[in-house]
Every structure is written in structure tokens, then in C-alpha cells.
Number of protein chains: 2
Amino acid sequence: MDKKINAKLKENNYKLTEQREAVLEVMMDNRGKHLSAEEVLQEARRKLPNIGMATVYRTLEKLASMNILYKTMFEGGKFRYELSDDESHRHHHIVCLKCGKIYEVEEDLLNGLEKKLENRGFEIVDHELKFYGYCPECRNSSTK
Amino acid sequence: MDKKINAKLKENNYKLTEQREAVLEVMMDNRGKHLSAEEVLQEARRKLPNIGMATVYRTLEKLASMNILYKTMFEGGKFRYELSDDESHRHHHIVCLKCGKIYEVEEDLLNGLEKKLENRGFEIVDHELKFYGYCPECRNSSTK
DNA sequence: ATAATATTAATAATCATTATCAAAAAATTC
DNA sequence: GAATTTTTTGATAATGATTATTAATATTAT
Ligand SMILES: [Mn+2]
Ligand SMILES: [Mn+2]
Ligand SMILES: [Zn+2]
Ligand SMILES: [Zn+2]
């Protein structure tokens with residue numbers, strides 16, 4: 001169990017039941033991947049065969065609200081979750097229009113734009129950016 | 001009926017039935033707003049009381065695929081549609097976390113970031129950016 | 001006009017997510 | 001530590017936006 005995560009759980013006095021621990025472990029075992037609730041359920045059942053889907057949804061929701069997870073809507077109208085290692089700033093995504101793979105973009109060029117918006121009187125607390133295109137592998141292959 | 005739109009419809013030899021015309025008119029009457037399919041249906045029924053919801057969905061989908069409309073997923077897992085006046089580049093949104101209003105951001109600072117990604121071997125064809133925060137009116141009011 | 005094609009409206013199906021609720025587990029009180 | 005309150009869970013039902021199906025209607029080609 002990661003130190004930071006543990007601290008956050010305590011800070012929100014979040015009781016670590018075996019179900020919640022299973023979900024957290026699944027997310028930690030899949031660092032860098034973007035899992036749907038269904039996928040999390042399947043993996044969690046390998047550790048805890050009787051865990052229910054409502055519990056998985058509840059737990060993911062709670063962990064996301066503590067910023068331990070990122071919750072992002074991708075194509076297909078389905079949320080996906082990932083461990084948020086760097087809590088300070090949300091990262092971005094490139095979605096390949098051919099293979100569907102999701103790549104990370106760590107660069108952040110949005111600070112300038114956020115400042116402009118604050119000059120207009122807004123207070124920006126979060127943002128979400130997605131690029132759509134072709135990944136290096138798919139770019140050259142015959143059929144787009 | 002707008003000139004550009006008419007041209008696009010012809011170019012895709014899209015037959016303008018009265019249902020499709022009703023949907024288009026609703027979108028043109030609501031320039032600048034972001035309507036859900038349900039809202040479009042309601043407005044369209046004021047012009048054409050028997051239009052069906054499946055037809056509205058089909059028409060919105062078709063118009064979006066011709067880039068006459070933008071289709072964007074907002075909070076609540078619901079798509080919203082708006083007339084796309086400037087076809088060249090997608091604009092962005094600020095969603096107020098209190099009142100839910102959607103504001104437009106015309107600035108585009110993403111070209112630099114897209115170039116970086118192209119240096120990595122990606123081919124970027126689209127992007128989508130949303131900011132979340134508080135609008136000027138809500139920023140100062142008592143309860144956030 | 002006849003036949004082929006396209007479009008429509010009503011309705012059923014889908015599917016991710018949320019709500020409900022009674023049982024089980026954990027924490028508190030006495 | 002037993003009784004009681006609170007929290008959490010799992011099964012299942014409900015929701016709600018979107019999509020698929022289908023038979024009727026309108027349009028176009030022959
Ligand atoms: Mn990611
Ligand atoms: Mn807009
Ligand atoms: Zn790819
Ligand atoms: Zn506001």
C-alpha cells in the first residue's frame with residue numbers, strides 16, 4: 001500500500017474493508033491502464049469472488065472523490081478509472097481512432113489559457129483534455 | 001437557411017425532409033446554446049408535432065457527422081449539440097460547477113501541444129477540452 | 001402505374017450506472 | 001460482553017440516454 005494513498009484514506013477516515021482493499025489493489029496492479037468498472041469488478045473477483053458490482057461502483061466513486069483515482073469518460077459512453085499518482089495536475093489523453101489505445105500526455109500547456117480565463121472573471125478548478133488521432137503504429141498501417 | 005450549411009447538405013446529397021428541416025431550424029434558432037436531444041425534440045415538436053425521437057437522434061447524428069453540428073459529452077453523461085459556425089477548429093468550454101452554465105472559449109493554445117505530439121509520431125485530427133470552475137456570477141455568491 | 005429505395009414513428013432492446021433494501025459486519029453504548 | 005446503533009455490503013430492480021427493429025409511408029426510378 002502506497003504511503004500517500006494511506007495518508008489520504010486516514011485523512012478522510014475511510015475504513016479499509018477487504019472489498020475496498022481489493023479494488024485498491026486492482027488499481028495499483030494496473031497502474032497506467034484505464035479500467036472500466038466492469039473490468040475492475042472482474043479483477044477484484046479474482047481476489048474476492050463474492051464482491052458485488054454495486055460495491056465496486058461505490059468504491060470507485062469514493063476513491064475518485066478523494067482524488068486517489070481519476071475518473072474519465074472516453075468513447076463508448078463509459079467511465080474509466082486510473083490511479084492518480086500525481087495529484088497536483090490532471091494529465092491528458094490521446095485516443096487512437098484506429099486501435100482505440102489510450103496514451104498519456106504529461107505536458108501541460110494550459111496554464112496560460114487558464115490565466116486568460118481568470119482575467120475574464122472565472123475561477124478554474126479543473127480541466128480535461130483529449131486528443132483524437134492515430135498512434136505511431138496505426139499511422140502507417142494500410143487501413144485507417 | 002445558411003449558405004454554407006445548404007452547400008454541405010447538397011455536397012452530401014442529403015434530402016431535406018420536413019423533419020430534418022425542423023431539427024435544423026431548431027439548431028439555428030438556438031445558436032450558441034448547447035441542446036440535448038430531448039430538448040431538440042421538444043422544440044422540434046412545436047414546429048412538427050408528430051416528429052419522433054428516433055428521427056431526431058438520427059438527424060442530429062447525421063448533421064454531426066457532416067460537421068454541421070458539434071456533438072459534445074457534458075456532465076450527466078449526456079450529449080449536447082450546437083451549430084458549428086466555424087468548421088475549421090473546435091472550440092472549448094467552461095462549465096460552471098455551481099450554475100451549470102456552459103461558456104465558450106474561442107482561444108486556442110493547443111497548436112503547440114499538438115506539434116509536440118506529432119513529433120512523437122502521432123497524427124492528431126481532433127481534440128476536446130473542457131474547463132470546470134466558477135463563472136463570474138457564481139464566484140462571488142455566498143454558497144459554492 | 002409499378003417496383004425499388006429511403007425515411008419515418010412507435011416501440012422494444014440495450015447497457016452503464018444508480019437506487020433500494022434487507023442481511024451482515026463493525027462500532028458504540030450500557 | 002450483550003444490546004443497540006451505524007456502516008457496509010450484495011442482490012436485484014429501476015433509471016435514462018441511446019440504439020435497433022419494424023411495419024407503414026413517402027419518394028424516386030423504371
Ligand atoms: Mn491517463
Ligand atoms: Mn460550444
Ligand atoms: Zn493505434
Ligand atoms: Zn455559474
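Worth saying up front: this structure is predicted, and the values here are computed from it rather than measured. Just so we're on the same page: letters track the sequence lines, and every chain starts at 1.
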Where protein sits on nucleotides 7-17 of chain C, one letter per nucleotide: B base, S sugar-phosphate only, - none, heavy atoms under 4.0 Å: SBBB-----SB
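Summarising the geometry, the separation between CD on B:Glu21 and C1' on D:dA26 is reported as 16 Å, rounded to the nearest angstrom. To the nearest angstrom, C1' of D:dA17 lies 16 Å from CG of B:Leu35. One can place CD of B:Glu61 at 10 Å from P of D:dA20, the figure rounded to the nearest angstrom. Rounded to whole Å, the distance from CG on B:Leu41 to C1' on D:dT18 is 13 Å. The distance between atom CZ of B:Phe74 and atom P of D:dT18, rounded to the nearest whole Å, is 13 Å.
Between the B:Arg139 side chain and the A:Gly121 main chain, a donor and an acceptor come within less than 3.5 Å of each other. Panel note: side chain A:Lys8, backbone A:Asn67; a donor-acceptor pair is recorded below 3.5 Å.
B:Thr72 and B:Lys130 form no side-chain donor-acceptor contact under 3.5 Å, judged by distance and modelled atom types alone.
When side chains are defined from C-beta on, B:Phe131 counts as touching A:Leu113, because their heavy atoms get closer than 4.5 Å. Under the 4.5 Å side-chain criterion, counting only non-hydrogen atoms from C-beta, A:Ile68 is not in contact with A:Met27.
Distance check: A:Glu128 CD to A:His92 NE2 gives 10.0 Å after rounding to the nearest 0.5 Å. Note that the NZ atom of A:Lys15 and the CD atom of A:Glu21 stand 15.5 Å from one another [nearest 0.5 Å].
Ring planes of B:His93 and B:His91: perpendicular class, angle over 60° (limits at 30 and 60°).
One axis for each end of the helix from C:dA1-D:dT30 to C:dC30-D:dG1, each built from five base pairs, and the angle between them comes to 20° at 10° resolution.
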